[in-house]
Amino acid sequence: MPPAPARWRRGARSPVPPRLLQRALLAAAFSAAALVLLVLLQHHHAPNTSVASRARVFSDELPEDSPSAEQNPGGGDAAVVGDGATCATAERMGEEAAGAGRGSPEQASLRVRELIRRHFELHGAERVRTLPAYEFCKQGFVLGKASEAGFGNEMYKILTAGALSVMLNRSLIIGQTRGLYPFGEYISYTNHSFTIHEIKHLWRKHRCARTYGRDLNIRVDIFENPLETNVLCCDWNSWKDPIIWFDGTTDAVGIQFFLKNVHPRMKAAALALFGLPDSLDARPNTFGELMRTIISPSSTVQAAVNWALKGVNPDIVLHMRMMANRPVRARKAAVLCIKRALQICCTKGTPRVALVSDTPAFVKEIKSEISEFAEVLYFDYKLFTKTSGLEIVGNDKPLDFRSRDWGSAPRWVAFVDFFLAAQARYAVVTGAHRRVGTTYAQLIAALAAANRHGQEPSGANFTFLSSIHSNLLVDGLSTQVGWGHVWNRYAGPLSCRRQPHQCALTPLLPPAWWDSHWQSPIPRDVRRLLEYGVRLSNTGEVDERRLAAHCLLRKDHVKRYHVLPPYKNPA
């Protein structure tokens, strides 16, 4: 049998005619050339926004001609610009929340200042302790009790009590521990407040329990317990207990929950003190005004502040919470933000910048950069202890487990830094290694603004700025978790990803809700609010009907303690 033809043999290749091969090669070459030309044309007419976004993240400077993060929130996804933007940068958020010409925080703050003044004139200890027995025994009180943990968190407990006393027309009690006020070595407290010891003395003296049938007890409401707190569902004006203690309020949020209270009288009292939550640009500097009334530096802390200032207040204060870290981007972003603050305040001559930080090594590094355009001052506590001849009594060392959080300096240095920074004339800039706008920084800016409001030149020019470096903005503001941080209410999906360094205007009164433009919650906060009976939308709107229904179904939780043994009628 003859062998099969070659073209049918297994593994053999079929021959290709030369003319057909030439045509195939020519077509492939033409297609490749067309593809290369198309790519070149696209590169020339439409720059790769994804590459540009990544370049901004790793840049240490603010590119003036680069596309905005608002135009390309996904770093390469479809851009949405103009009024249809689906996200915003921190700077745009700040401009809409605290930009010039949008409202008058100074006027609102001066209104609240007068409200606080009238309240303490009527309900302050100086007047109330002189009331006759039948009037004194009808008086109500609010307790503010703090430990000596972080200054910002603990001071908010005192300020919350002060605010609640104004809302409920009650007198203020500042709690003591073993006869000492919190931070009493460094802070002097107003004579408008009582102590528990004095109230007990006056209650016995006037025989309030025996004659008027009013036992001295405290009703405690713990904000941090969402299943039991009555902050949203009760009219606290109706509570008859002599003393109310709103416990667990370690930031600006707790007291502002009353803005959503279902009872009109409670909501109206909160609105009078804090303003409309959706009008951040015209809200009062409530906590600054309360601090201005309630606290002042002790004589030795004031002497240390005077030693550092040498008779001239700083124009701008930079506060940096670095927690022993020294990232280059945080330093460069802060320097850019100081320069922007100088442009806003338009100071004449050489500006004076004060530095405050928990990390002394960072202060030394950034000082050399700022010294190129400003006079720099900071409180050198080692030099102070050697040369001043003054001695500040208190803890010489921070607790070991707090050293990374509070810094390595003696505890009293933080109080000198605080009251020094509160002397800022035009602006406070705050930055951080991780979370920007801590409670400590918030209170610095609030007190500094309160010191300026009502003064000449007008305190309306006072500015609070947040320096947020690009590494914190890769996923937008989602890193700003925790209710004690001023940007937490902007940390949700409306915050653009991959933002360059931001120097953002910041409200003096930290928002507690998500009612304003560009605010949106993170999933953790949505879940947390559900525990309080509040359902939030993805952009932070409160389901008012569901809250009202929740309040109708729940029972009031009453936790009450006796300060003095209840009176028992012998009959």
Side-chain angles (χ1 to χ4, degrees), residues 49-50 52-59 62 67-80 85-98 251-253 280 320-323 325 327 329-330 333-334 337 430-439 441-442 465-507 510-531 534-542:
T49 53
S50 178
S53 295
R54 293 190 192 99
R56 289 198 302 275
V57 170
F58 294 102
S59 170
L62 279 169
S68 166
E70 294 171 35
Q71 294 175 300
N72 191 7
D77 299 334
V80 181
T86 57
C87 71
T89 62
E91 287 186 4
R92 179 172 179 182
M93 292 171 171
E95 185 63 37
E96 298 206 14
D251 48 49
V253 172
L280 296 183
M320 298 292 290
R321 186 169 188 258
M322 304 309 296
M323 301 178 70
N325 294 280
R329 286 187 178 88
C337 208
T430 182
H433 168 60
R434 288 180 60 201
R435 294 172 190 168
V436 180
T438 62
T439 52
Q442 294 165 25
L465 291 163
S466 293
S467 172
I468 313 173
H469 62 89
S470 59
N471 277 13
L472 297 179
L473 295 164
V474 174
D475 293 316
L477 289 164
S478 62
T479 58
Q480 304 304 299
V481 297
W483 286 7
H485 299 94
V486 74
W487 289 98
N488 170 257
R489 269 29 184 177
Y490 293 90
L494 297 184
S495 170
C496 290
R497 300 172 61 196
R498 299 186 179 96
Q499 299 178 39
H501 297 329
Q502 296 288 292
C503 181
L505 293 167
T506 308
W513 296 94
W514 294 265
D515 294 322
S516 191
H517 200 203
W518 297 121
Q519 292 178 328
S520 57
I522 57 177
R524 186 175 80 170
D525 288 342
V526 173
R527 293 191 297 269
R528 187 175 178 185
L529 264 292
L530 275 175
E531 297 178 6
V534 177
R535 176 176 291 168
L536 295 175
S537 69
N538 289 337
T539 52
E541 289 86 2
V542 173

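Counting begins at 1 with the first residue of the sequence.
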Can you see which heavy atom on [X] is nearest to which on [Y], and at what distance?
X: A330; Y: M320; result: O-CE, 3.9 Å
X: S466; Y: V436; result: CB-CG1, 3.9 Å
X: A432; Y: M322; result: C-SD, 4.0 Å
X: G540; Y: P521; result: N-CD, 3.5 Å

What distance do [X] atom [atom1] and [Y] atom [atom2] have between them, rounded to the nearest 0.5 Å?
X: L536; Y: I522; atom1: CG; atom2: CD1; value: 11.5 Å
X: L529; Y: R535; atom1: CG; atom2: CZ; value: 12.0 Å
X: D475; Y: R498; atom1: CG; atom2: CZ; value: 7.5 Å
X: N488; Y: L477; atom1: CG; atom2: CG; value: 10.0 Å
X: C87; Y: R497; atom1: SG; atom2: CZ; value: 10.0 Å
X: T430; Y: Q442; atom1: OG1; atom2: CD; value: 8.5 Å

Taking [Y]'s backbone N and O only, do any of them form a donor-acceptor pair with [X]'s side chain (distance below 3.5 Å, no angle check)?
X: E91; Y: Q502; value: no
X: H485; Y: G437; value: no
X: S520; Y: L494; value: yes
X: Q480; Y: V486; value: no
X: T506; Y: A504; value: yes
X: S467; Y: G431; value: no

Presence of salt bridge, E531 and R527, under 4.0 angstrom: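 Salt bridge absent between R527 and E531.
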Quick one: does [X]'s side chain get under 4.5 Å of [Y]'s, heavy atoms only?
X: R489; Y: V253; value: yes
X: W514; Y: V526; value: no
X: H501; Y: C337; value: no

Kindly write out the residues that satisfy ring-ring contact (aromatic ring centres under 6.0 Å, His included) with W487, not counting sequence neighbours, or none if the list is empty.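 For W487, the residues satisfying ring-ring contact (aromatic ring centres under 6.0 Å, His included) (neighbours in sequence not counted) are Y490.
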